[in-house]
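Structure, as structure tokens:
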Amino acid sequence: MDGEQLLDGIYQGLTQLLNGIFVIIISLGFMLYINIPMTLIVVAMVPVVFLTSRFIAKKSLALFRQQQDYAGQLSGKTAEMISNISLVNTENYRDKGISIFTDINNAMNEVGAKAQFISAITNPTTRVVNNLSYLLIGLSGALVIREWGMSIGLLTSFISYSMMFSKPFNELSGVVSQMVAAKASHQRIMNVLEEPLENDMDLEVELQGQSISFEHVNFGYNPKVPIIQDLNLNIEPLSKVAIVGPTGAGKSTMINLLMRFYDTNQGLIEIDGHDVSHMSRQSARSVMGIVLQDPWLFEGTIRDNIAYGKADASLEEIMHAAKQAGCHETIISLDKGYDTIVELDSNNLSIGQRQMITIARALLVNAPMIILDEATSSLDIITEQTIQNVFTEIMKNRTSFFIAHRLSTVVDSDIILVMREGRLVEQGNHEELMKKKGFYHELYMSQF
């Protein structure tokens with residue numbers, strides 16, 4: 001919407017400007033030829049027109065900014081409601097949603113009306129100034145006729161040329177609302193473009209994806225509100241690492257840092273002894289396969305979705321990954337099998353089916369490290385047990401991290417990291433942590 005508004009303003013402004021330049025130059029030349037002092041009067045009124053238009057435009061610009069902000073809110077709220085229509089209906093939120101939409105729409109309409117009204121004043125104000133100019137020309141023209149003998153015909157011609165001279169300014173002021181709206185849109189676009197780019201290094205590093213270390217890592221999405229504090233950790237090759245803790249303890253944040261979705265505020269993370277901040281993100285991520293908690297599929301075939309991280313994979317490789325993930329039978333039962341189209345928002349697949357496909361996607365990459373962010377949270381007990389057995393086999397030959405809330409799935413881990421309020425409070429295997437009778441023991445006993 002901002003882009004369309006900007007293009008419309010540029011088109012209107014340039015059209016009037018290019019058409020008017022030629023008329024202004026020609027009419028100014030003829031006026032100077034007829035009478036220089038009277039021409040100076042006409043030219044002297046141009047700054048008055050400019051200052052008047054600028055004053056009005058400045059007042060309306062703030063309103064147009066508000067209008068664009070409300071338009072963005074309206075679009076966002078509409079998309080949110082439509083994409084979550086099932087939740088809206090089940091929670092009886094339709095009337096409330098309509099009320100919110102109406103409030104934003106009315107606010108945008110009110111601000112828009114004010115913006116249009118104020119910007120529309122520019123054109124009549126400009127014409128008032130031009131009429132004042134004609135009055136001064138008439139008086140000065142009468143004086144010139146009486147004292148210096150200018151003919152009435154020349155005065156009439158001069159007035160015609162002065163009208164030609166002022167016409168482009170009048171036309172330009174007529175589209176000032178589109179130009180001001182375009183300026184507001186341009187500022188919104190520039191605010192987005194001026195956001196700092198994600199820093200990345202060009203250095204490509206060949207990694208084996210064996211060992212991981214965190215050294216005095218501190219991080220907060222807002223630097224003033226730390227989430228992970230002074231995290232120190234060393235993971236040996238081929239370790240099976242479980243990360244547990246209450247909600248908000250920093251488990252997913254640790255994974256985000258490992259994948260370099262974010263960079264640390266302080267400290268460093270190393271893979272195979274290499275600081276990840278000194279290499280390209282592609283290098284760090286090339287040794288990792290990840291299954292996120294929220295399964296995401298794009299609009300396309302199931303085959304393309306599984307092969308997302310390995311575009312040149314053969315159908316046999318894709319089917320093998322799907323069998324490992326436990327979704328092969330489900331896929332071939334569909335009308336078009338692996339060529340079945342996943343609809344927008346994956347509405348034709350259940351959440352469990354989506355999650356198994358994302359697991360197959362990660363298995364296909366066959367990376368030396370695998371990260372599971374509560375990867376079986378949407379599966380039933382039987383399917384989850386099947387997938388856990390698959391993961392057990394896979395993890396034997398990989399360094400693996402997995403976030404778990406059901407502690408029954410972590411008892412066979414080589415190392416369990418216990419997070420609490422952004423700090424690593426305990427680490428060790430199941431037996432060691434249970435003997436300590438600390439926070440892990442408290443979490444485990446609360447579930448069993």
Side-chain angles (χ1 to χ4, degrees), residues 207-214 217 228 231-246 249-259 269-273 276 284-293 321 324-326 355-356 358-377 379 381 383-420 424-436 438-441 443-444 447-448:
L207 300 173
Q208 298 302 312
Q210 299 295 317
S211 62
I212 302 287
S213 67
F214 290 70
V217 170
I228 289 182
L231 176 61
N232 292 280
L233 180 64
N234 286 290
I235 303 299
E236 296 299 321
L238 304 182
S239 296
K240 180 180 179 182
V241 183
I243 307 172
V244 302
K251 303 184 298 297
S252 293
T253 300
M254 184 190 296
I255 298 302
N256 289 339
L257 294 176
L258 187 59
M259 292 292 298
I269 299 173
E270 292 182 337
I271 300 177
D272 299 339
V276 296
R285 294 168 184 168
S286 64
V287 294
M288 303 180 196
I290 186 169
V291 182
L292 297 173
Q293 185 175 5
Q324 285 185 299
Q355 198 153 42
M356 286 192 288
T358 59
I359 292 171
R361 176 192 294 163
L363 296 178
L364 179 65
V365 175
N366 197 29
M369 293 175 54
I370 188 164
I371 299 172
L372 310 171
D373 186 356
E374 199 62 21
T376 59
S377 60
L379 303 179
I381 298 298
T383 305
E384 181 186 20
Q385 187 60 50
T386 301
I387 294 298
Q388 289 293 352
N389 293 335
V390 171
F391 284 155
T392 299
E393 292 299 316
I394 292 170
M395 291 175 182
K396 290 180 179 178
N397 302 315
R398 292 173 174 82
T399 302
S400 56
F401 292 80
F402 67 101
I403 296 174
H405 288 293
R406 287 193 281 270
L407 299 187
S408 61
T409 63
V410 307
V411 293
D412 62 339
S413 301
D414 298 317
I415 183 171
I416 300 171
L417 307 178
V418 186
M419 301 291 295
R420 186 177 191 179
L424 179 61
V425 293
E426 294 177 340
Q427 61 177 302
N429 60 37
H430 175 71
E431 290 76 14
E432 293 170 346
L433 294 176
M434 289 298 289
K435 288 178 181 178
K436 289 181 179 180
F439 187 54
Y440 176 81
H441 179 270
L443 290 174
Y444 188 85
Q447 292 191 14
F448 302 97

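Predicted, not measured: the structure shown is a model, and the values here were computed from it.
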Please examine the side chains of Asp373 and Val291, heavy atoms only from C-beta on, and report whether any two atoms are closer than 4.5 Å.
no

Considering all heavy atoms, the nearest Met434-Tyr444 contact
CE-CD2, 3.6 Å

Supply the atom-to-atom distance Leu231 CG to Ser213 OG, rounded to the nearest 0.5 angstrom.
10.5 Å

Ile290 side chain reached by Ile255 side chain, heavy atoms, under 4.5 Å:
yes

Of the non-hydrogen atoms in Met419 and Gly250, which two are nearest, and what is the gap between them?
CE-O, 4.3 Å

Correct closest heavy-atom pair for Ala367 and Arg398 would be O-NE, 2.9 Å

Among Ile370, Ile271, Val365, whose side chain to side chain contact (heavy atoms under 4.5 Å, CB included) with Met288 holds?
Ile271

State, with a plain yes or no, whether a side-chain heavy atom of Ile212 is found less than 4.5 Å away from one of Leu233.
no

Could you tell me whether the side chain of Leu417 reaches within less than 4.5 Å of the side chain of Val241, counting heavy atoms only?
yes

Residues passing the ring pair (Phe, Tyr, Trp, His ring centres under 6.0 Å) test with Phe401, sequence neighbours excluded, are none

Taking all non-hydrogen atoms of both residues, which atom of Asp414 and which atom of Asn429 are closest, and how far apart?
O-CB, 3.8 Å

For Phe439, is there any backbone N or O sitting under 3.5 Å from a side-chain donor or acceptor partner on Arg420?
no

Pairwise distance CZ(Phe214) to CG(Leu258) - rounded to 0.5 angstrom
5.0 Å

4.5 Å side-chain heavy-atom contact, Ile269 and Val217:
yes

Quick check: do Ser211 and Ile235 have side-chain heavy atoms less than 4.5 Å from each other?
no

List the residues meeting salt bridge (Lys or Arg N to Asp or Glu O under 4.0 Å) with Asp412, not counting sequence neighbours, and say none if there are none.
Lys240

Contact summary for Pro246 and Lys251, nearest pair of heavy atoms:
O-NZ, 2.9 Å

Using a 4.5 Å cut-off on heavy atoms from C-beta on, say whether the side chain of Gln427 contacts that of Val418.
no

Distance (rounded to the nearest 0.5 Å) between His430 NE2 and Ser413 OG
10.0 Å

If you compare all heavy atoms of Leu207 against all heavy atoms of Ala284, which two are closest, and at what distance to 0.1 Å?
CD1-CA, 4.2 Å

Can you spot which of Ile243, Leu433, Ile416 makes a side chain to side chain contact (heavy atoms under 4.5 Å, CB included) with Val410?
Ile416

Distance col, row Leu363:CG vs Met356:CE, nearest 0.5 angstrom, shows 12.5 Å

Does a side-chain heavy-atom distance below 4.5 Å link Met259 with Arg285?
yes

When rounded to the nearest 0.5 Å, the distance separating CG of Leu372 from OG of Ser400 is 7.0 Å

